[in-house]
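Keep in mind that what you see is a predicted model, and the values were worked out from it rather than measured. Hydrogens, waters and symmetry mates play no part in the numbers below; they use all other heavy atoms, side chains included. By convention in this document, chain letters (A, B, ...) are assigned in the order of the sequence lines, proteins followed by strands, and residues within each chain are numbered from 1.
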There are 2 protein chains.
Amino acid sequence: MDSATRVATTLQALATPSRLLILARLREGPCAATELAAEVGMEQSACSHQLRLLRNLGLVVGRRQGRSVIYALYDGHVAELLDQAVYHIEHLRLGLSDGAEPGLPEETPPGTAR
Amino acid sequence: MDSATRVATTLQALATPSRLLILARLREGPCAATELAAEVGMEQSACSHQLRLLRNLGLVVGRRQGRSVIYALYDGHVAELLDQAVYHIEHLRLGLSDGAEPGLPEETPPGTAR
DNA sequence: ACGACACTTGAAGACTTCTTCATATGTACC
DNA sequence: GGTACATATGAAGAAGTCTTCAAGTGTCGT
């Protein structure tokens, strides 16, 4: 697997609102699975599936404690990656338009060559 | 569109090897569409589709110059976002395993709570 | 105006991805 | 052992994504 693919795969993990919410919550501190699901407002099963993905990518870790499994970010790099992503994206010309919004005369950010 | 969705959408743009290669190339400096396609080794049409996506997200800009369209990163935030992403991901425990690689006894990074 | 070049665009098909539902596994407590 | 709680997992369907192919638009040179 080459570098581009590796980076792309990992970034894909941050490319979903649900996963982003999970990571953001974990950034505040460890949390048990069920509680996590509740806090980010998703079904337990769905949350578990996403956690598995994040776990496989090495972004989060989970250790069993009694009946629960406590999840946490893997390390500081994950937290920083999150921070940086949010920071730069929020500071990026906030002119999204992905799906050609109808209504805008199509001329938002910079060279919207069209 | 809430913050999580916005960030996720933008990160998705970096979640593909082809787009990552395009951005990495543009990070080195502006480049015309056809040349770009050639340098990252993809079909001209495919490249154009991806450029459109990146353009719509405001990550790159393209201005016409004669017959060609010169593409470039939108601004410093894009370059930094790229750098940071690559940096943190490469420094992350390099134990990917996403698709449950057969062969590994399943116990790579941290709490691979199998 | 015509032909060549540079790029964009739309449609269609092969693939992934995300979510839901149902079921399984693990742990605690009686 | 049996029951309840906490998670994980598999299968299936809906939805989204990427690439290719076949035009379409814009620009230059003659």
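Side-chain atoms of B/Ser45 come within donor-acceptor range of the base of D/dC21, with a qualifying N/O pair under 3.5 Å. Side-chain atoms of B/His49 come within donor-acceptor range of the base of D/dT20, with a qualifying N/O pair under 3.5 Å.
Atoms CG and CG, on A/Asp2 and B/Leu20 in that order, are 9.5 Å from each other to the nearest 0.5 Å. Here the CG-CG distance, from A/Leu36 to A/Leu23, works out to 9.5 Å after rounding to the nearest 0.5 Å.
Listed nucleotides: C/dT8, D/dT19, D/dC21. Nearest to the side chain of B/Ser18: D/dT19. Among C/dT17, C/dT8, C/dT19, the nucleotide with an atom closest to any side-chain atom of A/Gln12 is C/dT17. Comparing C/dC18, D/dG10, C/dG26 against the side chain of A/Arg64 picks out C/dG26 as the nearest. When distances are taken from the side chain of B/Arg55 to each of C/dT8, D/dT9, C/dG10, the shortest belongs to C/dT8.
As a whole-Å value, the separation of A/Tyr71 OH from D/dA6 P is 15 Å. Rounded to an integer number of Å, the gap from A/Gln44 CD to C/dT20 P is 12 Å. In this entry the distance linking CZ of B/Arg52 with C1' of C/dG10 reads 8 Å, nearest Å. Rounded to a whole Å, the CD atom of B/Gln65 is 14 Å from the P atom of C/dA6. We find that CD of A/Glu43 is positioned 15 Å from P of C/dT23, with the value rounded to whole Å. As a whole-Å value, the separation of A/Asn56 CG from D/dT9 P is 9 Å. Rounded to whole Å, atom C1' of D/dA4 lies 7 Å from atom CZ of A/Arg67. C/dT8 atom P lies 13 Å from atom CG of B/Leu53, rounded to whole Å.
B/Ala46 comes within 4.0 angstrom of a nucleotide base, judged by non-hydrogen atoms across all strands. The residue A/Ser48 sits close to a base: some heavy atom pair falls under 4.0 Å. Within the 4.0 angstrom heavy-atom criterion, only backbone atoms of the sugar-phosphate kind lie near A/Gln50; the bases stay farther away.
Shown here for A/Leu54 and A/Ala13, the closest heavy-atom pair between the two residues is CD2-CB, 4.0 Å.
The phosphate of D/dT27 (OP1 or OP2) has no side-chain N or O of B/Ser68 nearer than 4.0 angstrom.
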- Task: With side chain to side chain contact (heavy atoms under 4.5 Å, CB included) as the test, would you mind laying out the steps for A/Val78 and A/Val60 before giving the verdict?
- Result: CA-CA 8 Å; A/Val78 181; A/Val60 308; 5.9 Å; no
Side-chain donor/acceptor pairs under 3.5 Å, residues 37-53 of chain A, sequence neighbours excluded:
from: A/Glu39; atom 1: OE1; to: A/Arg25; atom 2: NE; distance (Å): 2.6
from: A/Gln50; atom 1: OE1; to: A/Arg19; atom 2: NH1; distance (Å): 3.0
from: A/Gln50; atom 1: NE2; to: A/Ser18; atom 2: OG; distance (Å): 3.4

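Nearest-nucleotide assignment on DNA chain C puts the 5′-proximal partner with B/Cys47, out of B/Cys47 and A/Gly66.
One N or O on the side chain of B/Arg64 and one on the backbone of B/Arg67 form a donor-acceptor pair closer than 3.5 Å.
When the side-chain hydrogen bond (donor to acceptor under 3.5 Å, both in side chains) test is applied to B/Arg27, the partners found at least two apart in sequence or on another chain are B/Asp83.
At least one side-chain heavy atom of B/Leu59 sits under 4.5 Å from a side-chain heavy atom of B/Leu14.
Listed by residue number, the members of residues 19-26 of chain A with any heavy atom below 4.0 angstrom from DNA chain C are A/Arg19.
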